[in-house]
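First the structure, in the form of structure tokens, and then the observations on it.
Proteins come first, then strands; the chains are lettered A, B, ... in the order of their sequence lines, and each starts at number 1.
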There are 2 protein chains.
Amino acid sequence: MKLTQGADYGMAAVLYLSQKSEDRRYSLDEISRATEIPEEFLRKIFQTLVKSGVINSFKGRGGGVSLARSAKDITVAEVIKPLEEEMGLVRCLREKEDCPRSSECMASNFWRKTQQNFFEILNSTTIKDLIEGGKQNARKD
Amino acid sequence: MKLTQGADYGMAAVLYLSQKSEDRRYSLDEISRATEIPEEFLRKIFQTLVKSGVINSFKGRGGGVSLARSAKDITVAEVIKPLEEEMGLVRCLREKEDCPRSSECMASNFWRKTQQNFFEILNSTTIKDLIEGGKQNARKD
DNA sequence: TTATAATAAGACTAAATCAGTCCAATTAAG
DNA sequence: CTTAATTGGACTGATTTAGTCTTATTATAA
Ligand code: FES
Ligand code: FES
């Protein structure tokens, strides 16, 4: 049960941008160097985030990437979900796959709710929360 | 982000046993047939669960497996954790691995708490809860 | 109008992990 | 002492993950 490296890197990259001035573009080269994420891999990650609307990118000289919205309007879920292809914790929750036991399955409901609870946390936490929280994060408790 | 097939199967197998009479032993052959889990794989799963104390096994003629405790005293966590080798959602939370950005990492605390919240659910839900809950599971809400 | 500095898109590859199998050894019952 | 079972561990094939490479495309500036 781990998030992919891509999702993990994605968070780091978005966090990096969020801590920098918003009115500039940052080249992949620069971000890669600063975060120690392999440049070519980082490129793919950004491509995904551009498609999902979290990041804006600009080609050509002076180009680079920037946040599409301010950090307070980007949730953790918005960064993680597009980078994490398979989000079903167990078979029951993964469409395509079907399980021979699904009819008498006593676990599916439990997992569905548990997973939902997890996503609700990701949905209700913004990148800004992470930066501000610093050491005091996740759930208002 | 998915649990391994082994953990998934493990739940199914334990649920199967929990719904059967407790004072008998069940051969892998029988369980494999009933649940449609490949026998050799199921064998390995039970070996793990025996080691972690959830299942009792008996060699020889008339042998087989049974729950080590009654379903109300087995939590979901006790079944999942031993079958799921890597339980750290992100790098930050996985011992061995170290991340070049760990010092300035704004995400680690968030993930730690989120993951903890997840485990608390697994810890506070028993196999009996699943069977009884049937269609009304996960968290008291 | 051309050189250059950037991202886009997608094919490709290496390594790791996962899921599953096989087999020789052990144990207990009949 | 034969048979029915699990044990433990090595082994394998398939899939997924992480990362790279290569060829376009686009924008800026000299
Ligand atoms: S384990 Fe197959 S449907 Fe739940
Ligand atoms: S991402 Fe590396 S320590 Fe958090």
Would one find a side-chain N or O of A:Ser57 under 4.0 angstrom from OP1 or OP2 of C:dA8?
-> yes
Judged by atom type as modelled, is there a donor-acceptor pair below 3.5 Å linking the side chain of A:Gln115 to the main-chain atoms of A:Met87?
-> yes
A:Asp8 side-chain N/O to A:Gln5 backbone N/O, donor-acceptor pair under 3.5 Å | no
Measure from the side-chain heavy atoms of B:Arg61 and tell me the nearest of C:dC18, D:dT20, D:dA4.
-> D:dA4
Is there a donor N/O on one and an acceptor N/O on the other, under 3.5 Å, for the side chain of A:Gln47 and the base of C:dA9?
-> yes
For the side chain of B:Gln5 and the base of C:dC18, is some donor closer than 3.5 Å to an acceptor across the two?
-> no
Backbone of B:Cys99 reached by a side-chain donor or acceptor of B:Ser102 within 3.5 Å | yes
Nearest-nucleotide 5' precedence on DNA chain C, A:Glu40 against B:Phe41 = A:Glu40
Within the pair A:Ser27 and C:dA5, is there a side-chain N or O less than 4.0 Å away from OP1 or OP2?
-> no
Whole angstrom is fine here: how far is it from CZ in A:Arg94 over to P in D:dT16?
-> 10 Å
Using atom NZ of B:Lys2 as one end and atom C1' of D:dT16 as the other, report the distance to the nearest whole Å.
-> 8 Å
Main-chain N/O of A:Gly88 paired to A:Arg94 side chain as donor or acceptor, under 3.5 Å = yes
Rounded distance (Å) that lies between atom P of C:dC18 and atom CD1 of B:Ile45 | 13 Å
Figure out the CD/P separation between B:Glu30 and D:dT6, and round it to whole Å.
-> 10 Å
Length of the line joining A:Asp29:CG and D:dT20:C1', which is rounded to integer Å | 16 Å
Does A:Arg112 make a cation-pi contact with A:Phe110 (under 6.0 Å, within 45 degrees of the axis)?
-> no
Could you tell me whether the side chain of B:Lys44 has a donor or acceptor atom within less than 3.5 Å of a complementary atom in the base of D:dG8?
-> no
Quickly work out the B:Phe46 CZ to D:dG8 C1' distance and round it to whole Å.
-> 17 Å
Shortest side-chain distance from B:Pro38, nucleotide among D:dT20, C:dA8, C:dG20 | C:dG20
Report yes if a side-chain nitrogen or oxygen of A:Arg43 is closer than 4.0 Å to either non-bridging phosphate oxygen (OP1 or OP2) of C:dT7; otherwise report no.
-> yes
Answer yes if the side chains of B:Ser32 and B:Asp29 hold a donor-acceptor pair under 3.5 Å, and no otherwise.
-> no
Round to a whole Å and report the spacing from CZ of B:Arg24 to P of D:dA5.
-> 11 Å
Measure the distance from CZ on A:Arg91 to P on C:dC18 and round it to the nearest whole Å.
-> 16 Å
DNA chain D nearest-nucleotide lookup for B:Lys51 and A:Gly62: closer to the 5′ end is B:Lys51
Short side-chain N/O contact to C:dG20 OP1/OP2 from B:Tyr9, under 4.0 Å | yes
Quick note, B:Lys59 side chain, CB onward, closest among D:dT3, D:dT7, C:dT7 is D:dT7
Assign each of A:Glu39 and A:Phe58 to its nearest nucleotide of DNA chain D by heavy atoms, then name whichever residue's nucleotide is nearer the 5' end.
-> A:Glu39
